[in-house]
K.L.:
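Starting off with a structure, shown below.
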Amino acid sequence: MKKHLLFFPVALLLASFTTVGGSDPRLPSDIKALLDKNGCGACHNLDRKLVGPSWTDISKRKYSAKRITQLVAKPEPANWPGYVPMVAQPSVPKDEMTKIANWLSKLQ
Ligand code: HEC
């Protein structure tokens with residue numbers, strides 16, 4: 001009986017940790033999967049600068065989804081002084097790039 005009483009709070013604690021650490025409402029899991037699949041996650045993080053600027057920093061530029069798609073296929077490194085130039089990513093499947101671009105253009 002005692003064991004059962006202990007199990008519940010621990011399970012609740014673990015559940016809340018996975019929510020906080022595992023997914024941010026600003027980065028839905030289907031988008032995160034696309035970013036990881038297409039290699040974007042290696043250089044970009046939601047809030048932290050990695051090799052490339054964070055998604056939230058990019059979103060401050062207020063690009064349209066169309067402009068984002070153009071910049072990913074043909075980066076313009078002059079837009080980000082102090083960063084290494086991004087390697088062009090022309091082979092992201094069109095429907096996936098559309099989803100990523102729509103998400104990024106609305107991110108705050
Ligand atoms: C090898 C590292 C790397 C990968 C992989 C990468 N990026 Fe980047 N990205 C960068 C860097 C560095 C910059 C800033 C310099 C630049 O724009 O050239 C950048 C800039 C950007 C910008 C801003 C462009 C601008 O001109 O303001 C967008 C949007 C972007 N990346 C999206 C993506 C997406 C989407 C993917 C995946 C398909 C991706 N990146 C993959 C490194 C990377």
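In each ligand, atom 1 is the first atom listed, and ligand 1 is the first ligand listed. Note: hydrogens, waters and symmetry copies are ignored here, and every other heavy atom, side chains too, is used.
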K.L.:
Look at the side-chain heavy atoms of Ile, Leu, Val, Met, Phe, Trp and Tyr, link any pair under 4.5 Å apart, and say whether Val92 and Val51 land in one connected group.
P.N.:
no
K.L.:
Heavy-atom contacts with Ile58 under 4.0 Å: which atoms of ligand 1 show up? List them by number with element.
P.N.:
21 (C), 22 (C), 23 (C), 28 (C), 29 (C)
K.L.:
Quick one: look up the protein heavy atom nearest atom 17 (O) of ligand 1 and list residue, atom name and how far away it is.
P.N.:
Trp80 CD1, 3.4 Å
K.L.:
Mark up the atoms of ligand 1 that fall under 4.0 Å of a heavy atom belonging to Val92, in ascending order.
P.N.:
38 (C)
K.L.:
So which protein N/O/S atoms does atom 8 (Fe) of ligand 1 have within less than 2.8 Å?
P.N.:
His44 NE2, Met86 SD
K.L.:
Could you check if a side-chain atom of Asp57 sits within less than 4.5 angstrom of a side-chain atom of Lys49, using non-hydrogen atoms only?
P.N.:
no
K.L.:
I need the atoms of ligand 1 closer than 4.0 Å to a non-hydrogen atom of Gly39, numbered in the order shown.
P.N.:
5 (C)
K.L.:
Identify whether the distance between the nearest side-chain nitrogen and carboxylate oxygen of Arg26 and Asp47 falls below 4.0 Å.
P.N.:
yes
K.L.:
Can you sort out which atoms of ligand 1 are near Pro85, meaning under 4.0 Å from one of its heavy atoms?
P.N.:
18 (O)
K.L.:
Provide the number and element of each atom of ligand 1 under 4.0 Å from a heavy atom of Tyr63.
P.N.:
25 (C), 26 (O), 27 (O)
K.L.:
Within less than 4.0 angstrom of ligand 1, does Val87 place any heavy atom?
P.N.:
no
K.L.:
Should the proximity of Trp103 to ligand 1, defined as any heavy atom under 4.0 Å, be assigned to the side chain, the backbone, both, or neither?
P.N.:
neither
K.L.:
Ala42: heavy atom below 4.0 Å from ligand 1, yes or no?
P.N.:
no
K.L.:
Which ligand 1 atoms are under 4.0 Å away from a heavy-atom of Pro77?
P.N.:
16 (C), 18 (O)
K.L.:
Go through ligand 1 atom by atom and flag the ones less than 4.0 Å from a non-hydrogen atom of Asn79.
P.N.:
25 (C), 26 (O), 27 (O)
K.L.:
Mind checking whether Pro53 and Ile58 have side chains closer than 4.5 Å, heavy atoms only?
P.N.:
yes
